[in-house]
Amino acid sequence: MQFGLKTISDLLNLIEDNIHLGNEKSFTLNISLFRKKFDFLLKENDLLIQAVQKFLVQEGNAIEGYRMIEHIVNASSLEELHLKIYNEYILIDIRKKLKRYESLIKEVASQQDKKINFKISGDEVLVEYNKYSEFVNSLIHVFRNMVDHGIESQEERKDAKKSREALIEVNFENNTDHFLIIFKDDGRGMDLEKIRSVALKRKLKTKEEIDLLSETEIYNLIFAHGFSTRDSIDDISGRGVGMEAVLTEVINIGGTISASSKPNKETKFTVKLPL
């Protein structure tokens, strides 16, 4: 292994074993050795480590080396060290991970003569982010659908006696064993009749089946495999494009998602996820 990482890796394995076994004496000895080896590694590979570390820390995926040493030195016990690392580096407020979409929303909006205010509100929700990362990545489809189809142009909003600036809001509600994420825009809403028509055209349901569906169930057809209101490949997207991917990721982590809408007022997606 390059950069002298083999010794570091072996020491980390030993330290992990010490933690699991509660062997404090060996833990202290191996930590001391780790510090010496780690300091040497930092000096020998300084430029490379700075470049990689900068990227990882910006993404929230790594602990800076000097901070790790700081925590080890200051911890009075293995339990305190474990709790410190878990609370500060493993648990992440998932709200922060959605901020990345603000620039995308504004960029797409500007291309379509739309002005949008993006707002994240509600409770802090601390999670082990690796479990939810694919779901967060899939949310690009929710926001693109809102921008492309939910939000009207500034002139359309003016004619509808709405503020020229639209609002896309994400609200978090933290509960005992689950949390809710409510995505809402104040645009034109979803066309119930068009959803029915598309479902029939794409043979997702028969007319008899659709006639038996409630309004909520019809809106939720946008998550069905193959659903899209896109008429040509030249369209930016169609209402429903990619929403199946969102549903898949929600199901993968044991959650649910549902859609609702009010004509000319709003579209809302409510996601319930386990903690």
Side-chain angles (χ1 to χ4, degrees), residues 97-121 132 134-154 156-157 160 162 165-172 180-199 201-202 204-205 215-252 255-273:
K97 293 297 184 177
L98 270 66
K99 289 183 182 296
R100 72 174 77 161
Y101 287 108
E102 183 170 11
S103 58
L104 171 70
I105 288 169
K106 292 187 181 300
E107 180 183 343
V108 176
S110 67
Q111 296 169 0
Q112 300 179 27
D113 184 33
K114 298 175 182 179
K115 190 174 181 182
I116 301 174
N117 179 28
F118 180 58
K119 182 180 178 183
I120 299 174
S121 61
Y132 301 87
E134 292 304 317
F135 160 71
V136 171
N137 291 340
S138 75
L139 293 178
I140 187 172
H141 300 297
V142 171
F143 294 122
R144 285 302 296 262
N145 267 270
M146 285 180 160
V147 175
D148 294 342
H149 299 283
I151 302 300
E152 313 94 332
S153 69
Q154 293 185 58
E156 286 175 310
R157 290 181 66 84
K162 291 182 175 183
E165 184 177 64
L167 174 65
I168 291 178
E169 184 175 8
V170 185
N171 184 260
F172 287 78
L180 298 178
I181 314 178
I182 300 168
F183 303 85
K184 185 166 67 173
D185 70 61
D186 66 347
R188 61 172 61 92
M190 291 191 284
D191 188 329
L192 206 62
E193 290 307 315
K194 187 166 187 178
I195 294 174
R196 283 194 182 101
S197 175
V198 170
K201 180 180 177 181
R202 299 189 185 277
L204 303 178
K205 297 282 184 182
E215 188 174 282
T216 298
E217 288 171 329
I218 292 171
Y219 283 131
N220 285 338
L221 287 174
I222 69 167
F223 300 110
H225 177 67
F227 183 93
S228 171
T229 59
R230 181 168 58 184
D231 294 321
S232 74
I233 59 173
D234 294 327
D235 292 342
I236 294 174
S237 74
R239 179 65 91 174
V241 165
M243 296 303 286
E244 181 194 1
V246 181
L247 174 64
T248 298
E249 295 305 331
V250 168
I251 290 173
N252 283 345
T256 60
I257 184 169
S258 64
S260 63
S261 187
K262 295 178 182 178
N264 301 312
K265 288 189 177 181
E266 70 175 32
T267 295
K268 183 165 67 174
F269 299 101
T270 302
V271 179
K272 180 180 178 180
L273 297 174

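For the numbers below, each heavy atom of this structure counts, side chains included, while hydrogens, waters and symmetry mates do not. Everything numeric here is computed off the predicted structure, so don't read it as measured data.
- A donor-acceptor pair under 3.5 Å links the side-chain atoms of N220 to the main chain of A259, judged by distance alone.
- Looking at heavy atoms from C-beta onward, Y219 lies out of side-chain contact with T267 at the 4.5 angstrom threshold.
- The ring-ring contact (aromatic ring centres under 6.0 Å, His included) test applied to Y132 returns F179, not counting sequence neighbours.
- For S261 (side chain) and E266 (main-chain N/O), a donor-acceptor pair under 3.5 Å exists by modelled atom type.
- We find the CZ-CE distance between R144 and M243 to be 13.5 Å, quoted to the nearest 0.5 Å.
- Summarising the local packing, NZ of K106 is surrounded by more than 12 heavy atoms from other residues, nucleotides or ligands at distances under 6.0 Å.
- For the salt bridge (charged side-chain N to carboxylate O under 4.0 Å, His left out) with E152, the lone residue among K265, R157, R188, K114 that qualifies is R157.
- When each of T270, I181, I251, V271 is tested with I257 by the rule side chain to side chain contact (heavy atoms under 4.5 Å, CB included), just one qualifies, namely V271.
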Trace of the side chain to side chain contact (heavy atoms under 4.5 Å, CB included) decision for I195 with M190: CA-CA 8 Å; I195 294 174; M190 291 191 284; 4.2 Å; yes
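- Residues passing the side-chain hydrogen bond (donor to acceptor under 3.5 Å, both in side chains) test with E107: none are found, sequence neighbours excluded.
- The two residues N264 and K162 have their closest heavy-atom pair at O-NZ, 2.9 Å.
- Residue K194 holds its NZ atom at 15.0 Å from CZ of R196, rounded to the nearest 0.5 Å.
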Report task. Give the intermediate values and the outcome of side chain to side chain contact (heavy atoms under 4.5 Å, CB included) for residues R100 and N137. Result -> CA-CA 10 Å; R100 72 174 77 161; N137 291 340; 2.9 Å; yes
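- Annotation: the span from E249 atom CD to L273 atom CG amounts to 11.0 Å, rounded to 0.5 Å.
- Among all heavy-atom pairs drawn from I116 and A109, the shortest one is CD1-CB, 3.7 Å.
- Between M146 and F269, the shortest heavy-atom contact is CE-CD1, 3.8 Å.
- Separation of atoms CD1 (I218) and CD (E193) is listed at 7.5 Å; rounding is to 0.5 Å.
- When F118, F143, Y101 are each tested for a ring-ring contact (aromatic ring centres under 6.0 Å, His included) with F183, only one passes: F143.
- Contact between G226 and E244 at its shortest, heavy atoms only, is N-OE1, 4.2 Å.
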Item to complete: Let me see the working for I168 and V147 under side chain to side chain contact (heavy atoms under 4.5 Å, CB included), right down to the final yes or no.
Response: CA-CA 9 Å; I168 291 178; V147 175; 4.0 Å; yes
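- To the nearest 0.5 Å, the span separating NZ on K184 from CG on N171 amounts to 8.0 Å.
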List the steps, then state whether side chain to side chain contact (heavy atoms under 4.5 Å, CB included) holds for D186 with I151. CA-CA 7 Å; D186 66 347; I151 302 300; 4.0 Å; yes
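- Going from atom CG of L247 over to atom OG of S258 covers 11.0 Å, rounded to the nearest 0.5 Å.
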